[in-house]
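Working notes, structure below.
For ligands, and for the atoms within them, numbers begin at 1 and follow the listed sequence. Remember, it's a predicted structure, so these values are computed and weren't measured experimentally. Index from 1, following the sequence.
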Amino acid sequence: LGLQFDLRQAVAGGQLSLHYQPKFDSRRARLSGVEALLRWQHPLLGNIPPSQFIPLAERSGLINELGNWVIDEACRQMQAWQREGVRLRVAINLSVHQLRQEDLVSRIKQALQRHEVDASMLLCEITESAAMEDIKTTQQAFEGLSRIGVFLSIDDFGTGYSSLSYLRQLPARQLKIDRSFIHDLETSADARAVVDAVVRLAHALGLSVVAEGVETQGQCNILLQLDCDELQGFLFARPMPADELFAWASGHK
Ligand code: G
Ligand code: G
Ligand code: NA
Ligand code: MN
């Protein structure tokens, strides 16, 4: 309960920040965008991982407040980068609770406008299991977001239970293959078969494919062979603060 109280303070008190992890276009071997990942620096406990405080925020109803902060901060950062001449697509993670938020689409639209960012520069990631938890809500939110020009991505794909016919109806642009399959790529023929199948499925549906959690050159080579569109993982870069990213990117043009 104490931590829940602290989290309420954190939103207001400047203890939250976003770190950004680069994603690479496999074919052109260049930066294709970044994923924004929330960080909480607790004044006494130090860094608290999102795996701990996101579920807490979801249980306590703080997730929308937290999510709204992320939306605004990501747009503010895109505007700052634009002013330095860098156009970088930013992906944010949305919780299923946010999809139920009635004013989610208008909030995102307003944040984009306020920071003079084009909607196509923002990508929203929703995990497959969250997306399938409440299909009607997902469909409505995806259509609303897609209508204003925001791109949508299905995260952690392969761990939930998607109906393929349903997947076909969602206006998503991208599938992110779950880390667990990437982890086993070099040692498991099954994992390789799954990744191969997901890439083909996605391409047949007109979606691009991202592999997350790429840690080794061997995994990278297999993913290139399997025609995966984008790669993300510690092999290339860890999530980092915006100012570090800027310095890092100038060395990776
Ligand atoms: O950054 P890290 O690997 O610790 O993230 C752990 C989990 O927290 C991931 O599943 C990630 O999607 C989730 N996460 C990170 N930032 C956000 C956020 O801003 N909103 C939501 N809903 N989840 C996030
Ligand atoms: O899909 P999700 O939003 O949960 O993924 C984001 C999380 O994955 C972040 O917490 C990030 O730190 C973590 N992550 C990013 N790259 C790698 C990687 O190469 N290996 C592992 N194990 N985790 C990674
Ligand atoms: Na994600
Ligand atoms: Mn993921």
What's the atom name of the N, O or S in E212 nearest to the Mn ion (ligand 4)? OE1
At less than 3.5 Å, what protein N or O atoms come close to the N or O atoms of ligand 1? Include the distances to 0.1 Å.
residue	atom	partner	partner atom	Å
ligand 1	1 (O)	R39	NH1	2.8
ligand 1	1 (O)	R39	NH2	3.0
ligand 1	12 (O)	N93	OD1	3.4
ligand 1	16 (N)	L38	N	3.0
ligand 1	20 (N)	N93	O	3.3

Which atom, counting only N, O or S, brings D155 closest to the Mn ion (ligand 4)? OD1
Between S32 (side chain only) and K23 (backbone N and O only), is there a donor and an acceptor less than 3.5 Å apart? yes
Hey, which N, O or S atom on E125 ends up closest to the Na ion (ligand 3)? OE1
Whether E125 and K176 form a salt bridge (side-chain N of Lys/Arg under 4.0 Å from carboxylate O of Asp/Glu) is what I want to check. yes
Between Q52 and I48, is there a donor-acceptor pair closer than 3.5 Å when you use the side chain of the first and the backbone of the second? no
Pair R200 + D196: basic N to acidic O under 4.0 Å: yes
Please give the atom name: the N, O or S atom of D156 nearest to the Mn ion (ligand 4). OD1
So, does Q21 use its side chain to make a donor-acceptor pair with the main chain of A237 at under 3.5 Å? yes
Step by step, work out the ring pair (Phe, Tyr, Trp, His ring centres under 6.0 Å) result for Y20 and W248. CA-CA 11 Å; Y20 298 88; W248 177 91; over 10 Å; no
Could you confirm whether N93 has any N/O/S atom lying under 3.0 Å from the Na ion (ligand 3)? yes
Quick check for you: with the Na ion (ligand 3) as the vertex, what angle do OD2 of D155 and OE2 of E35 span, to 10°? 170°
For the pair R179 and D156, find out whether any cationic side-chain nitrogen is under 4.0 Å from an anionic carboxylate oxygen. no
Would you be so kind as to tabulate the donor-acceptor pairs closer than 3.5 Å made by side chains of residues 60-70, with sequence neighbours excluded?
residue	atom	partner	partner atom	Å
S60	OG	L56	O	2.9
N68	OD1	Q101	NE2	3.3
N68	ND2	N64	O	3.2

Taking the side chain from D184 and the backbone from T187, do they hold a donor-acceptor pair closer than 3.5 Å? no
